[in-house]
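Labels below follow one simple rule: chain letters A, B, ... track the order of the sequence lines, proteins then strands, and each chain is numbered from 1. Predicted model only: the values in this text are computed from it and were never measured.
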There are 2 protein chains.
Amino acid sequence: MTGSPTPGSVAAWVALMRAQTATLARIEADLDGAGLPPLAWYDVLLELRRAERASKRLRQRDLQAALLLAGYNLSRLLDRMAGAGLVAREPTPDDRRGIDIVPTAEGRAMRRRMWPVYARALGHHVGRHFDAAEATTLATLLERLR
Amino acid sequence: MTGSPTPGSVAAWVALMRAQTATLARIEADLDGAGLPPLAWYDVLLELRRAERASKRLRQRDLQAALLLAGYNLSRLLDRMAGAGLVAREPTPDDRRGIDIVPTAEGRAMRRRMWPVYARALGHHVGRHFDAAEATTLATLLERLR
DNA sequence: CCTATATCGATGCGATTGCAACGATATCGC
DNA sequence: GCGATATCGTTGCAATCGCATCGATATAGG
């Protein structure tokens with residue numbers, strides 16, 4: 001047998017693809033409309049802030065794992081962000097293969113500038129559609145697909 | 001106020017991004033591993049079959065709307081698929097700007113060849129994680145983000 | 001210690017995507 | 001009917017992604 005999946009799970013998958021594509025496009029459009037960089041830059045800056053709050057330096061490898069990003073992709077994303085003056089690369093103290101990524105003052109400022117726009121977009125394009133219980137249900141179900 | 005969205009909806013959004021990215025990557029890997037073309041090709045071929053079943057010809061514009069795909073992107077996707085002999089372009093009878101997209105015999109065969117692999121991947125990477133009620137709940141919630 | 005293997009990050013190159021603009025045709029408003 | 005505007009699909013070009021590979025360093029096994 002070809003193992004036809006349940007109709008419900010096909011519907012869920014199709015809905016997942018479309019929801020992500022459509023919502024991401026709307027959020028990116030809001031950021032772009034405000035003259036801000038793409039969402040991926042925010043994700044990087046947010047991870048960097050989390051690390052700073054925990055008084056840790058973040059290795060590129062760890063950033064890669066946190067963002068589910070291919071290594072070569074992250075290398076070049078950081079090229080662009082470093083070019084824009086938002087992050088700096090420093091050698092990892094105890095592993096000479098490694099690079100620590102640190103935010104610059106401008107990088108921290110950029111994250112603060114992006115958040116209000118991102119938050120507004122999130123409320124408008126996601127939060128608006130769910131009450132608290134629904135949002136939790138949705139998050140819980142989606143977690144299983146990690 | 002910056003209008004912080006509810007914590008639940010932020011969690012739902014993050015989970016949505018990760019679930020889609022991770023699951024899509026797994027499914028694409030299964031298709032690629034079976035020597036088959038990307039998922040987008042299947043989506044096109046499926047829409048074409050739907051149209052044929054309804055005895056309708058499908059305009060490129062309608063395909064674009066059905067797939068939530070940018071026009072220029074679809075143009076070139078169809079270039080590749082036509083190059084592979086899977087679809088053909090024909091002038092729309094009543095609108096000389098338009099192009100009808102029709103599947104070739106090879107295109108229909110390719111869809112039939114892709115489905116078992118896709119179905120297996122879907123069962124493995126999506127269906128496995130949900131019972132019928134959960135899948136329906138998930139689909140229903142995600143529909144709201146269209 | 002010293003070779004074999006694994007990990008970390010970068011890079012050359014071809015494929016794909018996104019943006020802006022275009023040519024062709026259709027539709028609208030006068 | 002006719003000029004202004006909108007729609008359909010394509011294309012040039014730059015940015016980004018994905019794959020394969022590389023150089024450098026670290027770790028494991030004998």
* Cationic N near anionic O, under 4.0 Å, B/Arg146 to B/Glu143 -> yes

* How close do A/Ile101 and A/Arg89 get, heavy atom to heavy atom, and via which atoms? -> CD1-CG, 4.0 Å

* Test side chain to side chain donor-acceptor pair (under 3.5 Å) applied to A/His124 and A/Asp30, step by step -> CA-CA 10 Å; A/His124 199 341; A/Asp30 287 354; over 6 Å; no

* How many Å lie between CG on A/Asp32 and P on D/dT16, as a whole number? -> 12 Å

* Look at A/Glu52 together with A/Arg49 and state whether they make a salt bridge at an N to O cut-off of under 4.0 Å. => no

* Asked: To the nearest Å, how far apart are B/Leu77 CG and D/dG9 P?
  -> 14 Å

* To do: Check whether any side-chain N or O of A/Arg80 sits under 4.0 Å from OP1 or OP2 of D/dA14, and answer yes or no.
  => no

* To do: Figure out the CG/P separation between A/Leu68 and D/dC17, and round it to whole Å.
  => 15 Å

* Asked: Which letter, B, S or -, goes with each nucleotide of nucleotides 3-11 of chain C from 5' to 3', with contact meaning a protein heavy atom under 4.0 Å?
  -> ----BSSBB

* To do: Give the rounded distance in Å between these two atoms: CG of B/Leu58 and P of D/dC8.
  => 13 Å

* Provide, to the nearest angstrom, the distance between the CG atom belonging to B/Leu39 and the P atom belonging to D/dG18. => 15 Å

* **Partner of B/Asp95 under salt bridge (Lys or Arg N to Asp or Glu O under 4.0 Å), chosen from B/Arg59, B/Arg61, B/Arg57** => B/Arg59

* Structure fact -> Closest non-hydrogen atoms of A/Ala12 and B/Leu138, given as atom of the first, atom of the second and distance, are CB-CD2, 4.2 Å

